[in-house]
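Read through the structure below, which is laid out as structure tokens, and then see the notes.
Numbering of residues begins at 1 and proceeds along the displayed sequence. Just follow the structure's listing: the first ligand is 1, and inside any ligand the first atom is 1.
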Amino acid sequence: MPAAVPIAQGRSSSAPASIEGDSGVLLPANRFYDEESQRISNLIDEELRKESQKQREARRKQVKVMLLGQAESGKSTLQKQFQIYYASQSLDRERPFWKPVVHFNIIRAVKTMLEEIDYELSQPEGEDSGVESDLEYNEPGPSSAGPSSSSNRRHNKSKQPSAASEHVFRPSANELETLSVLRTRLLPLVALHDSLASELSGGVSFSRGLTGVFVRAGWQGLLQSNPGSRAGKGSVVGVAGLAAKALDSSREDIQALWAHSSVKELIQERKLKLEESAPFFLDNVARIAEPDYLPNLDDVLNVRLQTLGVIEHSFPINLGGTMYDWRLYDVGGARGQRHAWIPYFEDATAIIFLAPISAFDQYLEEDPRTNRIDDSLQLFTTICSNKLLKKAHLVLMLNKTDLLKAKLKAGIRVQKYITSYGSRPNKYDDVASYFRAHFMQVHKKKDVSNRSLYLHFTSMLDIKATQNIIVNVGEAIIRQHIAQTGLT
Ligand SMILES: Nc1nc2c(ncn2[C@@H]2O[C@H](COP(=O)(O)OP(=O)(O)OP(=O)(O)O)[C@@H](O)[C@H]2O)c(=O)[nH]1
Ligand SMILES: [Mg+2]
């Protein structure tokens, strides 16, 4: 703003007749105001120019990375790995908020076990579940059905292939007695499932439909930005507190159920399909049920919580002395969520696409006819060929290699689910190469801008290995961004 204008003395009118200009010469008032307003206008223009230059610079230092892939591919887990590396303090602060979510993961597993046992016991003698018997004539292939969790399984009974045989679930009288006692004792804990799920979802959205999986929509944000209303005295603490107490008093029963021969048998027969992280939490129930339990990094990484919509996470990344504003967009990967990705495409600096290659024997919860590997390949095709993304760098992570190894070791045959695998050896190296070749083929044929593809095999729960990959991927993306934008 200009300094106070000296007004010529001795005139009573509100508009002065002449005014001392910059040179000390008296100027007619009109001319003075013209020059003054010009000067102010120039100053404002200059300020605006500087401001927009600053904003341009800030935007150029913004690196927007989208994590894409089907549900349960590991996007949120990768986001947490970035957070561990670049913003570990913020993850540390969040640890108390993960406690009820870890508890929820255990309660959900207990509920699934009890429901499956009930279901199997309700089947008439001499008749198997009616689910697995389909196998004989519904040999699993890329287009056969077979969702990943037991609760969903019952929604789609008629289409369920699985590796089960003619096996009939008939526990002994002793086993039945134990199961019945455990069931009765665990009912109060399981009764908290829905209310805890609904409270943790922040009342935003809780899918009770096909999947029955708990979903989240920025629940941590809700808890952190408004600690008084929810984390402090809100109902999350109320229900979460009840769940913590119930868990504390049920830990031995949970251990007994988890160790029960019937549960082992149903898992072996692939009738009981728990969430992938359930064994980790059930093995650790004694530690997790302690009243002063605080989730550690492994717990946070293992948690299963479905993402709703698109959630932005931002960390500063220092590369070569320059700070970059690294923004990760973690999206919901289920089919019904994918439309929400599109508005973010045009601005994206890079895409990290996650495909869980352990999922060759699994099917989409939202469409039990679609094999998960098929879905990943289709989705990757649409991402490679999307014109809005033609400038975005492309990173592909073939994830869950640890689970793939475990499945192959357990004798699960790829060819049974993916017929084109043929008679290749059912060994990790062969299977991994086979899937990599398919994804690379998609990229080669469909990529809209012939860009390079950076491919990594990942096991996202392995902190050390993933941190190395993260640093490489992060720096490569920023360097490409620098090259593209001419930033120095
Ligand atoms: N064993 C194993 N588990 C993994 C790996 N990556 C992720 N998980 C687990 O897989 C489950 C799903 O991972 P998420 O990161 O929630 O999946 P997402 O892609 O964000 O799923 P949506 O939010 O539904 O789209 C979690 O329980 C993770 O702990 C991996 O490499 N190995
Ligand atoms: Mg997620």
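Using a 4.0 Å cut-off between a side-chain N of Lys or Arg and a carboxylate O of Asp or Glu, Asp367 and Arg369 qualify as a salt bridge.
Taking distance alone, with nitrogen or oxygen atoms compared against 3.5 Å, Thr307 approaches ligand 1 more closely than that limit. Between Asn302 and ligand 1, at least one pair of N/O atoms sits closer than 3.5 Å. Residue Thr458 places no N or O, backbone or side chain, under 3.5 Å from any N or O of ligand 1. Between Gly69 and ligand 1, not a single N/O pair is under 3.5 Å apart. Polar contact check, Met460 against ligand 1: a nitrogen or oxygen pair lies under 3.5 Å apart. Any N or O atom pair closer than 3.5 Å counts here, and Asp330 shares no such pair with ligand 1. For a threshold of 3.5 Å applied to N or O pairs, the pair formed by Leu301 and ligand 1 contains at least one separation below that value. For Ala71, no nitrogen or oxygen atom sits less than 3.5 Å from a nitrogen or oxygen atom of ligand 1, counting backbone and side chain alike. Considering both main-chain and side-chain atoms, Arg304 comes within under 3.5 Å of ligand 1 through a nitrogen or oxygen pair.
The only option from Lys80, Arg287, Lys99 that meets the salt bridge (charged side-chain N to carboxylate O under 4.0 Å, His left out) definition with Asp299 turns out to be Arg287.
Within the 4.0 Å heavy-atom cutoff, Asn105 does not count among the residues contacting ligand 1. Within the structure, ligand 1 lacks Leu78 among the residues with a heavy atom less than 4.0 angstrom away.
Between Ser76 atom OG and Thr307 atom OG1, the angle centred on the Mg ion (ligand 2) amounts to 90° (nearest 10°).
No side-chain donor-acceptor contact under 3.5 Å links Gln79 and Asp330.
Both the backbone and the side chain of Thr77 come within 4.0 Å of ligand 1, counting heavy atoms alone.
Distances below 4.0 Å separate heavy atoms of Gln70 from the following atoms of ligand 1: 19 (O).
Aromatic rings from His313 and Tyr329 are positioned such that their centres are separated by 6.0 Å or more. Residues His443 and Phe439 keep their aromatic ring centres 6.0 Å or farther apart.
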